[in-house]
Asks: 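Just passing along the structure, written as structure tokens.
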Amino acid sequence: MASATEFETHEYEYALDRDCTTLSRHVLQQLQSFSPQAQDISAIMNRLALAGKLIARRLSRAGLMENALGFTGEVNVQGESVKKMDVYANEVFISVFKQSGLVCRLASEEMEKPYYIPENCPIGRYTLLYDPIDGSSNVDINLNVGSIFSIRQQEGDDLDREARDLLQNGRKQIAAGYILYGPSTILVYSLGQGVHSFILDPSLGEFILVQENIKVPTSGPVYSVNEGNFWQWEDSIRDYVRYVHRHEGYTARYSGALVGDIHRILLQGGVFIYPGTVKKPEGKLRLLYETAPLGFLIEQAGGKASTGTQNLLDCVPTKLHERTPLIIGSAENVELVESFIQDRAREAAAQTP
Ligand code: P6P
């Protein structure tokens, strides 16, 4: 029962109102409409929330369960060893969206080809692209991992198994976001009208709004990169890392799981870099369900996302699992990295006969 003081100071009303700003309500507020598409997006976001709850529950119990952790012994289309949690999370998304009636096609890091849900196609003209568990190497050591998602309109012919309509730039995304499984489970999303975060309240089973219109600081102290790859990088990235080593005010943070590293940058500022290497100029991260959704979010939060030479949201993939280098975060920090790339490019041009 609220005390008289709480009533007088309206803390009670605030707390109740906050607890009632759930994800589905927020999406409809965002779209300021109850149109069929608004209701579709709200329902899709609700299904994503359900997937997040199921995965969060599994993660919290995995260490106590037989056969929940460790590797399956399989290798996925990325050439990466598959964790049991990768398979579970991928199946969760399929199951949750099969029942949704809303999504016609799922494209996942874990599946070579898109997964069609034909019974949904006449109604749900949407494709969900996702990385079910990003950073799964962290799962067995109880460190944070994440899910990344992107929603696009289904434009292609449903029988087009090459999904050529997905091979468009990141500005075609209707919505994008991530779920961070950490000390609490956080869902961050954007419909193109700002970036907003929700925390899962297990006692309610709801994601409750905690921050609206998040803005990434224009600059920040953090640089997040795996310096173990230093000698595989182009000279320009090495130049940048030498610069931050020699200048005050920088600090290195790198968790090995993209979503947690991006969430830190979103809130505290700085830059995350996963560059290409001399041998693999395209880098490691995948465009359609990793770098493009995160680029969409960070740009919505006032930051920048780049391949180093191109705005990331302008990248047009030639294949579903296309990879791109990623430089993402505070505008000033991203521009500083890009300046080293431009300097080296000018030097190279000047030496070209
Ligand atoms: P590295 C995880 O495998 C992942 O895709 C991202 O979550 C993470 O940022 C990156 O790869 C880590 O890669 O080469 O530094 O171990």
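Atoms within each ligand, like the ligands themselves, are counted from 1 in listed order. Numbers for residues simply follow the sequence, beginning at 1. Just so it is clear, the values below take in all heavy atoms, side chains as well, and ignore hydrogens, waters and symmetry mates.
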Asks: Looking only at heavy atoms, is any part of Val259 under 4.0 Å from ligand 1, and if so is it the side chain, the backbone, or both, or is it neither?
Replies: neither
Asks: Which ligand 1 atoms, with their elements, are less than 4.0 angstrom from a heavy-atom of Gly135?
Replies: 2 (C), 7 (O)
Asks: Under 4.0 Å from any heavy atom of Phe272, which atoms of ligand 1 are there?
Replies: 9 (O)
Asks: Does a salt bridge link Asp239 with Arg344, judged by any charged N lying under 4.0 Å from a carboxylate O?
Replies: yes
Asks: May I ask you to list the atoms of ligand 1 that are less than 4.0 angstrom from any heavy atom of Leu285?
Replies: 5 (O)
Asks: What protein heavy atom sits nearest atom 11 (O) of ligand 1, and how far away is it?
Replies: Lys284 NZ, 3.0 Å
Asks: Go through Glu322 and Thr318 one step at a time and tell me if the side chain to side chain donor-acceptor pair (under 3.5 Å) criterion holds.
Replies: CA-CA 7 Å; Glu322 180 116 347; Thr318 58; 2.7 Å; yes
Asks: When you look at Lys284 and Glu290, which way does the salt bridge (charged side-chain N to carboxylate O under 4.0 Å, His left out) test go after all the steps?
Replies: CA-CA 10 Å; Lys284 172 181 184 181; Glu290 288 180 322; over 6 Å; no
Asks: Which of the numbered atoms in ligand 1 are under 4.0 angstrom from any heavy atom belonging to Ala257?
Replies: 7 (O)
Asks: When you measure from atom 14 (O) of ligand 1 to every protein heavy atom, which one gives the shortest distance, and what is it?
Replies: Tyr274 OH, 2.6 Å
Asks: Would you name the heavy atoms of Pro317 and Leu167 that are closest together and state the gap between them?
Replies: O-CB, 3.5 Å
Asks: Considering the heavy atoms of Gly256, write down every atom of ligand 1 situated less than 4.0 Å from one of them.
Replies: 2 (C), 7 (O), 8 (C), 12 (C)
Asks: Could you tell me the residue and atom name of the protein heavy atom closest to atom 9 (O) of ligand 1, and the distance to it rounded to 0.1 Å?
Replies: Leu258 N, 3.4 Å
Asks: In the protein, which heavy atom is nearest to atom 12 (C) of ligand 1, and how far is it?
Replies: Tyr254 OH, 3.3 Å
Asks: Ring centres under 6.0 Å, that's the criterion: do Phe207 and His26 meet it?
Replies: no
Asks: Which ligand 1 atoms are under 4.0 Å away from a heavy-atom of Asp134?
Replies: 5 (O), 6 (C), 7 (O)
Asks: Classify the ring geometry of Tyr250 against Tyr223: parallel below 30°, tilted from 30° to 60°, perpendicular beyond 60°.
Replies: perpendicular
Asks: Would you call Arg125-Asp40 a salt bridge at under 4.0 Å N-O?
Replies: no
Asks: Measure the acute angle between the ring planes of Phe198 and Tyr189, then classify it against the limits of 30° and 60° as parallel, tilted or perpendicular.
Replies: tilted
Asks: Looking at Arg286, which atoms of ligand 1 are within less than 4.0 Å of one of its heavy atoms?
Replies: 5 (O)
